[in-house]
Amino acid sequence: MFIIFVVLAVAIFRMLSPNDSFGNFNSSKNIAYSEFKNLVQNNQVSKVFIGQTTVKAQSNNGVFVARKVQDPGLVAILDEAKIPYASYSETNFLTDMLFTWVIPIFIFFGIWMLLVSRMQKKVGGGILGIGSSKKLVNSEKPNVKFSDVAGVEEAKEEVQEIVDYLKNPEKYLRLGAKIPKGILLVGPPGTGKTLLAKAVAGEASVPFFSIAASSFIEMFVGVGASRVRDLFENAKKEAPSIVFIDEIDAIGKSRSSSPMGGNDEREQTLNQLLSEMDGFDADRSPVIVMAATNRPEILDAALLRPGRFDRQVLVDRPDFKGRMDILKIHMKGVKISKNVDIEEIARLTTGLAGADLENVVNEAALLAGRGEKEFVEQEDLIEAVERSIAGLEKKSRRVNPKEKRIVAYHECGHALIAEVTKGAKKVTKVSIIPRGLAALGYTLNAPEENKFLMQYHELIAEVDVLLGGRAAEKVFIKEISTGASNDLERATDIIKAMISMYGMSDVAGLMVLEKQRNTFLTGQTIKDYSEKMAEKLDESVKTILDERFDVVVKTLEDYKGAIENMVKALYEEETIDGQRVRNIISEYEVENNLTSRLVINEEENEDLEQAKHKA
Ligand code: ADP
Ligand code: ZN
């Protein structure tokens, strides 16, 4: 295409090439300036034309052209010889036009056409690809079942309802029930989000439309939005159906979180998606949109509003049992030796996601094949684990055994203090599986009721629980680590707030040192106190932290055996629930004839009173 324009441009250039009164350039002869001068001086010239870089002489023998040299005397000579002369322009208006306007426009136009034609190839025809993405997303009917997804039992339960709805929509519609339109699957890469969405479609045997959000974004504004429109049009035609959007953060980033500022194309695409979701009537065309992300925190709030992705399902990394199940699933298609110990492999792979485990099995099969073996042996699996871990350790996704031990004690420290301290939130789950991207392990505490007020002893209890992690490292590992930095930050903040905002200390009494203002918008506080007070404040924060830490250390020492038992359970199962924690603790209390919890709590309260007076 581009070549056609170049040829055209050259042809036009030819047509427009300068013609002057001498006729075509072709019929003039090129001569040296000295020869030209000779012609003039010998009076063989009838007329002379002087240009910027050349001179032309008309003679009986035709037209001669010479390149100019510096010669200020030429005009004088011509005057003397009475030869008429005139100036002439070497280029004319048309050639100027050609070079400064026509050719650049042709080139520009050519490049543009080239890009458009490429785009069309990608999209599949039609000018600018608008309305032509119909071939882009095809539906499939996956034959994945829930039994192919393992280690994410809670997530499976949560989407179970969707399957039922897709199978018998009337059952729900009759009752006027509103089924969620959008479900956001949240979890690290490779944990089976895509697989789970497929399994929902497979179980309900409905068409599955799958697209990566990044592929919506094209060079031309408006294409993404039209693709979304087409996608939903097709999905509605085949309803009930499932639309799966992978990496939704590519279009769903909140405006404030993209440092480059707004992106028109992304925003238009997002808006189209939102209006499609708002627009379709779930009653008549049940299309369920499932989206996956591993960064829910950067999503635009508009996406999470009711009627959109108002349901979030956590698809987390599998624990020990989950890994066993996933390994078994992927070993089905592989010739595995009877001597293989799946349990050992599951133990070696803490922190790995489903996709990593699938990869381990495959790698082991490759190794066995290379060794000309009949079956995959344990050693192949172990080597495959080591290989994939070497790759993953760089991404810090696997927990090494030494860290696992520290994390286990740290989390059990939190959990124990939470259970034996009055006013602390109860433990729902303790885990040493890395969650999300930051934390190595976690202890989930659930408040027992909705609370708007915190009493003094509850705040102190929260501080104690936060200090429990670090204290356990000190008591059991005998060395402290960086793992507690977030805990310490939060504990410090609570004590500071108690003194400076809630009037809960003797240092400042009822005087409020910090006012919260616009915390919704900025989270800032206004500080209003003297240097001297600042010093006192810092000092008493430190004193209280130290005191609480001592109390917590003492409690942990009393419960040493309970912690050891908890760590053992946690080490083996990687997640234990709150009930299990409570059982371990009460068994230990009975065995060791420990003062019952209530008494400890009352002692605690006395401690608290003292702390309060000192503060
Ligand atoms: P995600 O969408 O979360 O990044 P995928 O669903 O694409 O992860 O996982 C890739 C592959 O890894 C799957 O096709 C499956 O073979 C395997 N896999 C991942 N998670 C699981 C799981 N929980 N159970 C079984 N296989 C899994
Ligand atoms: Zn901690």
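Since the model is a prediction, treat every value here as computed from it, not as a measurement. Atoms within each ligand, like the ligands themselves, are counted from 1 in listed order. Values reported hereafter were calculated over all heavy atoms of this structure, with side chains retained and with hydrogens, waters and symmetry mates removed.
Between Y588 and Y559, the ring planes lie tilted relative to each other; the angle falls in the 30° to 60° range.
When hydrogens are left out, the protein atom nearest atom 16 (O) of ligand 1 is E358 OE1, 2.8 Å; that is the closest non-hydrogen contact. When hydrogens are left out, the protein atom nearest atom 10 (C) of ligand 1 is A355 CB, 3.9 Å; that is the closest non-hydrogen contact. Scanning the protein heavy atoms around atom 4 (O) of ligand 1, the nearest turns out to be G190 N, 2.8 Å. Looking at atom 26 (N) of ligand 1, its nearest protein heavy atom turns out to be H330 NE2, 2.9 Å. For atom 7 (O) of ligand 1, the closest non-hydrogen atom of the protein is T194 OG1, 3.5 Å. Given atom 23 (N) of ligand 1, the protein heavy atom at minimum distance is A150 O, 2.7 Å. Among all protein heavy atoms, the one lying closest to atom 6 (O) of ligand 1 is L195 N, 3.0 Å.
Numbered from 1 in the order shown, with element, the atoms of ligand 1 that lie under 4.0 Å from a heavy atom of V149 read 23 (N), 24 (N). Shown in contact with D148 at under 4.0 Å from a heavy atom are these atoms of ligand 1, numbered in order with element: 24 (N), 25 (C).
One finds a salt bridge joining K404 and E574 here, because a Lys/Arg side-chain nitrogen approaches an Asp/Glu carboxylate oxygen to under 4.0 Å. Using a 4.0 Å cut-off between charged nitrogen and carboxylate oxygen, E557 and K560 do not count as a salt-bridge pair. Salt-bridge annotation for E161 and R311: present, with a side-chain N of the basic residue lying under 4.0 Å from a carboxylate O of the acidic one. A salt bridge does not link D550 with K554: none of the charged nitrogens is closer than 4.0 Å to a carboxylate oxygen. The pair R548-D464 counts as a salt bridge, with a side-chain nitrogen and a carboxylate oxygen less than 4.0 angstrom apart. The pair K422-E458 does not count as a salt bridge, with every side-chain nitrogen at least 4.0 angstrom from each carboxylate oxygen. Between E573 and R580 a salt bridge is recorded (basic side-chain N to carboxylate O distance below 4.0 Å).
For ligand 1, the polar-atom distance check against G192 finds a nitrogen or oxygen pair separated by under 3.5 Å. In terms of polar-atom proximity, K193 is counted as a contact of ligand 1, with an N or O under 3.5 Å from an N or O of the ligand.
The Zn ion (ligand 2) has D487 among its coordinating residues (N/O/S atom, backbone or side chain, under 2.8 Å).
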